[in-house]
Amino acid sequence: MTQRVAFVTGAMGGLGTAICQAFAKDGYKVVAAYHPEFDNKDEWLKEQEAAGFKDFIPVAGDVSDIESAKTMVAEAEAKAGPIDILVNNAGITRDRMFAKMEKDQWDAVIATNLTSLFNMTKQVSAKMAERGWGRIINISSVNGVKGQAGQSNYSAAKAGVIGFSKALAQELATKGVTVNAIAPGYVATKMVMAIREDVLKSIVDTIPMKRLAKPEEIGALCSYLASELAAYMTGATLNINGGLHFQ
Ligand code: CAA
């Protein structure tokens, strides 16, 4: 069998890095997509090489812009071949209580965290269906499942990710292409570490396991969903949150 190609958005963030590493260990070719304004790309690649991951293929683009998504996927296909596995992982926060939230904070989060799924998936899903095999893994959040004060924009986008996954799963069910959402809880990444210290402490206190998730714990779930034996799982939302919320 030829080596499968995985495309991970937001690849150079905490979660993205763990997902790329999990896929590399699984033997896939990994395209690591990053935002053009992220200026630590070379450093990230060096760190990965030092950690034993020397084959990541970087491509730059903005997932919130469909033309950019198109260009990015074309570049990836030229460098790595057809994309078998897409992980829509790129995401941002603009946390603010709704009373104070500005329209640009709403728009930015919806564009990057939800419209990006249209932009990216559009580039690969029909081709996966034609080839009869594909895996689309969408990163949602516990806060898309339960809602979170201060995150009406983010919770709306991440709930949308789940609805999108369920709908597309039905459309592609007979084509060998699965579509699933992962809803992680609070993971030890830069995004979570940006929460004010006292607020984060009170959040961790409410997590039954009393700790944040390790990024690799989410990577392992992506690894499972991308595998051959995950073929019967589609339209699912996998909660991985230390017991913070049960659906
Ligand atoms: N429920 C209800 N009300 C709440 C609340 C809660 N959980 N938290 C705070 N409030 C209330 C406060 O009591 C306060 O009320 P008063 O003005 O009447 O006193 C008001 O809301 C303002 O609260 P803050 O003092 O916290 O306001 P702030 O402007 O300093 O901060 C915030 C607002 C930035 C949204 C801050 O509350 C915050 O960071 N909250 C955490 C949000 C969060 O969980 N983000 C997750 C980011 S990580 C991520 O998104 C990854 C993932 O997928 C999990």
Side-chain angles (χ1 to χ4, degrees), residues 8-20 22 33-35 38 63-64 86-117 120 136-166 180-222 225 236-247:
V8 181
T9 69
M12 300 185 187
L15 211 47
T17 301
I19 297 168
C20 289
Y34 65 100
H35 194 280
F38 177 78
V63 295
S64 71
L86 169 67
V87 185
N88 285 309
N89 165 68
I92 57 169
T93 53
R94 295 288 182 272
D95 292 0
R96 220 158 179 205
M97 292 298 169
F98 185 69
K100 292 187 194 160
M101 188 177 288
E102 303 288 347
K103 177 75 165 35
D104 64 333
Q105 296 172 318
W106 174 270
D107 289 342
V109 169
I110 299 296
T112 299
N113 298 9
L114 181 58
T115 307
S116 60
L117 268 65
M120 288 303 306
I136 298 167
I137 302 169
N138 298 318
I139 304 299
S140 177
S141 164
V142 65
N143 292 342
V145 178
K146 72 169 183 59
Q148 170 63 45
Q151 287 201 305
S152 54
N153 49 3
Y154 187 88
S155 297
K158 293 297 191 180
V161 167
I162 293 171
F164 172 81
S165 305
K166 289 178 177 175
N180 292 289
I182 296 178
Y186 287 76
V187 187
T189 62
K190 235 158 103 181
M191 180 188 271
V192 167
M193 294 312 178
I195 302 173
R196 218 174 59 210
E197 204 181 335
D198 57 317
V199 176
L200 182 58
K201 187 182 175 312
S202 68
I203 290 170
V204 174
D205 283 345
T206 65
I207 302 171
M209 287 192 188
K210 306 289 177 208
R211 70 165 177 92
L212 300 174
K214 298 177 197 160
E216 55 271 30
E217 291 171 329
I218 317 301
L221 207 42
C222 289
L225 284 176
T237 304
L238 301 179
N239 297 299
I240 172 163
N241 60 35
L244 178 58
H245 184 75
F246 304 121
Q247 214 168 8

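Everything quoted here is computed from the prediction, not taken from an experiment. All ligand and atom numbering here is 1-based and tracks the order in the structure. Sequence positions, counted from 1, serve as the residue numbers for this chain.
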- Of the listed options Q151, M97, R196, M101, closest to atom 23 (O) of ligand 1 (non-hydrogen atoms): M97
- Task: Decide whether an N or O pair under 3.5 Å exists between S140 and ligand 1.
- Result: no
- When rounded to the nearest 0.5 Å, the distance separating CG of N180 from CG of L221 is 9.0 Å
- Task: Would you sort out whether V142 and Q148 count as a side-chain contact (heavy atoms from CB on, under 4.5 Å), showing the intermediate values?
- Result: CA-CA 9 Å; V142 65; Q148 170 63 45; over 6 Å; no
- Message: If you count every heavy atom of other residues, nucleotides or ligands that lies below 6.0 Å from K146 atom NZ, does the total exceed 12?
- Response: yes
- Message: Can you tell me how far apart CD1 (I182) and CD1 (I139) are? Round to the nearest 0.5 Å.
- Response: 4.0 Å
- State whether any protein heavy atom lies less than 4.0 Å from atom 50 (O) of ligand 1. yes
- Does atom 36 (C) of ligand 1 have any protein heavy atom closer than 4.0 Å? no
- Query: Got a donor-acceptor contact below 3.5 angstrom from the T9 side chain to the A90 backbone?
  - Reply: yes
- Item | N/O separation below 3.5 Å, Y186 to ligand 1 | yes
- With heavy atoms of M191 as the reference, note each atom of ligand 1 found under 4.0 Å away. 49 (C), 51 (C)
- Those atoms of ligand 1 less than 4.0 Å from some heavy atom in S141: 52 (C), 53 (O), 54 (C)
- Query: Hey, does R96 come in under 3.5 Å of ligand 1, counting only N/O atoms on both sides?
  - Reply: no
- Query: With a 4.0 Å heavy-atom cut-off (strictly under), which part of I203 contacts ligand 1: side chain, backbone, both or neither?
  - Reply: side chain
- Query: Which atoms of ligand 1 sit under 4.0 Å from any heavy atom of T93?
  - Reply: 50 (O)
- Message: Would you say atom 1 (N) of ligand 1 makes contact with the protein, given that contact here means a non-hydrogen protein atom less than 4.0 Å away?
- Response: yes
- Query: With a cut-off of 4.0 Å, which atoms of ligand 1 are near a heavy atom of Q148?
  - Reply: 43 (C), 44 (O)
- Measure the spacing between OG1 of T112 and CG of D107 and express it to the nearest 0.5 Å. 10.5 Å
- Protein non-hydrogen atom found under 4.0 Å from atom 9 (C) of ligand 1: yes
- Query: Given L15, T189, T206, V199, which has its nearest heavy atom closest to atom 38 (C) of ligand 1?
  - Reply: V199
- Query: Would you say N143 and ligand 1 have an N/O pair spaced under 3.5 Å apart?
  - Reply: no
- Element-labelled atoms of ligand 1 that are located less than 4.0 Å from some non-hydrogen atom of V192: 48 (S)
- Item | Residues, nucleotides or ligands: over 12 heavy atoms within 6.0 Å of F38 CZ | yes
- Message: Is any side-chain heavy atom of K158 closer than 4.5 Å to one of N143?
- Response: no
- Query: Side chain of S116, backbone of S64: donor and acceptor closer than 3.5 Å?
  - Reply: no
- When V87, L117, N88 are each screened for side-chain contact (heavy atoms from CB on, under 4.5 Å) with I136, the one that passes is N88
- Task: Within a distance under 4.0 Å of any heavy atom of D95, pick out the atoms of ligand 1 and give their elements.
- Result: 34 (C), 42 (C), 43 (C), 45 (N), 46 (C), 47 (C)
- Message: Looking at M209, I'd like to know if its CE atom is crowded, meaning that more than 12 non-hydrogen atoms belonging to other residues, nucleotides or ligands lie closer than 6.0 Å.
- Response: no
- Query: Got a second to check how far W106's CH2 is from M101's CE, nearest 0.5 Å?
  - Reply: 7.5 Å
- Query: Could you state the interatomic distance from CD (E216) to CD1 (I19), rounded to the nearest 0.5 Å?
  - Reply: 11.5 Å
- Tell me, which protein residue and heavy-atom name are nearest atom 6 (C) of ligand 1, and how many Å apart are they? A149 CB, 3.4 Å
- Message: Please list the nearest protein heavy atom to atom 29 (O) of ligand 1 with its residue and the distance rounded to 0.1 Å.
- Response: K100 NZ, 4.0 Å
- Take atom 14 (C) of ligand 1 and look for protein heavy atoms under 4.0 Å from it; say yes if you find one, no if not. no
- Query: Does atom 19 (O) of ligand 1 have any protein heavy atom closer than 4.0 Å?
  - Reply: no
